[in-house]
Amino acid sequence: MSPLPKGIAATAAAVRKGQISALAVAEATLAVLRAGDGPIGAVVTLLEARARADAARIDAALARGEDPGPLAGVPIGLKALFDVAGQPTTAGAAMRADAPPAAADAELLARFTAAGAVPVAILNMDEYAYGFVTVNAHYGTTRNPRDTARLAGGSSGGSAAAVAAGLLPLALGSDTNGSIRVPASLCGTYGFRPAFGSVPVAGSFPFVHCLDTLGPFTASLEDLRLAMEVSLARPLPAAEGALKVARLGGWFVDHAIDAFEEGFAAIAAVLGALPMADLPKVEAARAAAFLITGHDGGALHREELTRRPLAFDPEVRDRLLAGCLVPDALRAEAGAFGDRFRASALALLEKYDVLLAPSVPDVAPLIADPFIHTGFGRAPARANLGLLAQPISLAGLPVLAAPLQRPDGLPLGLQLIGAPGCEGQLFALAARLEAAGVLA
Amino acid sequence: MSAAADFAARARDEAAIAAAAAAQGLTLPAQCLPGIAANLAILADRARVLAEALAAEQEPGA
């Protein structure tokens, strides 16, 4: 069997040049997943027949002299809430294991397969995406590849862990309140939460309609750019001129462990200066996002909660039932506050091009002791891993999640936050920090 | 009083919880009650934070 090229760009280049067939890449990847996933628990379903059929189509296209696209033969994993033609879309819920198979791929997945990507696996998640830990009562716990005694984070934990473990070069996840940024940070991968509404969500199982986004995980910044260009269906132009960059203060400093300071000092050294910026009412924004999520998530599942509550993962069920009791009037207040918070965030982004903040307060917590350090003290991981990601979700902004270079420590991730439509600036700054050795 | 402040004040009241659930046709299984109460306590705290921010917006000069 041919050795697998590393990463998306290298794999697609090798396939397009005929150095390796797409089928050989698919077979090797399936073998890697079968052999390597045991201690991680990222994979729910291997898509063996689908992978072979899609790879054969790509090889046939190449044989006819056609270009299968920029992701030719690149294996891709899907969080279990994406529609995959012929498979039930479980969203991590055992009660949906016998749901009718999806008639077609999710729209975002279709963009990737049109670019030549080959679906190979469905990946684990918190049930119905309601969690930051990927501890699933039915499909098991996904473990962190950097230390399998620790949580991978969630709810897209299977996607982050599969990429971090080197099992896959590319995986898709969803981010409602931080479900891409949290596991990317804990596992040490790159990830991207797109601006709300900029990437299609059709054909994915919803959670909170006004916050849901879909995005990729990769092992490198170069691969993330490629994946985001496919996701957005447009090239990301290079940013021109010097970028105005600031670090978010207050809440984002108070609730992050001191280990982040080394990273921010290194960034300040690269940029020459790193002013602190104030985003007002962040704690209330987090509260509003939490309440909207409870209300809308509860409403989405109310019928099943009434009909068969005991079929849910107990942790998720009790959160959803509590959410059902959030009054509509409170939901309306939280939504209106969210509109004002978004306006204040966009106003701040008229002054700065990129805002920096930690993605999570702490490193990955132990599975056996799921607590993290925050400004409130020792706090339960499940409710608090999204402390720094959730407010940005409410503002609907695009966020590049990037791992800090920490050769001797567990991964810690940064949020590079920008204005919608200005994603190229996030990549420009990340490239500069990567070149300087600040990002992994 | 804002809806946030009202919810923050009432979300730990068992009778109010039962009434709100009944109004929606929801039956809360007995084994779920401790978990629901714990999650309602978190939601009540979030509502308190939001209520304080909303009240601050109403202050003169805000």
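Proteins get letters first, then strands, A, B, ... in listed order; numbering begins at 1 in each. These numbers were taken from a predicted model, which means no experiment stands behind them.
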Exercise for the section: Mind ranking A20(B), A21(B), S2(B) by heavy-atom pairs under 4.5 Å with chain A and telling me who comes out on top? Expected result: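 Heavy-atom pair counts peak at S2(B).
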Practice task
Spell out the residues in residues 4-11 of chain B that have some non-hydrogen atom less than 4.5 Å away from a non-hydrogen atom of chain A, in order of number; otherwise answer 'none'.
Solution key: A4(B), F7(B)
Handout entry: Contacts of residues 48-57 of chain B with chain A (heavy atom under 4.5 Å)
Key = V49(B), L50(B), A53(B), L54(B), E57(B)
Under 3.5 Å, side-chain donor or acceptor atoms of residues 24-43 of chain B against the rest of the protein: list the pairs with distances, not counting sequence neighbours.
unit_1 : atom_1 : unit_2  : atom_2 : d
Q24(B) : OE1    : R302(A) : NE     : 2.8
Q24(B) : OE1    : R302(A) : NH2    : 2.8
Q24(B) : NE2    : C324(A) : O      : 2.5
N39(B) : ND2    : G35(B)  : O      : 2.8

Handout entry: Crowding at NE2, H373(A) (>12 non-hydrogen neighbours, <6.0 Å)
Key =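 Atom NE2 in H373(A) is not packed in, count stays at 12 or less.
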Heavy-atom contact with chain B under 4.5 Å, split by part of [X]:
| X | value |
| --- | --- |
| A334(A) | both |
| F290(A) | both |
| R319(A) | both |

Handout entry: Residue, of R340(A), R331(A), E333(A), that accumulates the most heavy atom pairs under 4.5 Å with chain B
Key =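 When all of R340(A), R331(A), E333(A) are compared, E333(A) has the most.
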Completion exercise
Checked P309(A), A287(A), A329(A), A383(A) vs chain B; the most non-hydrogen pairs under 4.5 Å come from A287(A)
Problem - Segment of A16(B) engaging chain A (4.5 angstrom heavy-atom cut-off) - result: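 No part of it gets close to chain A.
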Handout entry: With H301(A) via side chain to side chain contact (heavy atoms under 4.5 Å, CB included) - residues at least two apart
Key = Y128(A), F205(A), L305(A), F312(A), L320(A)
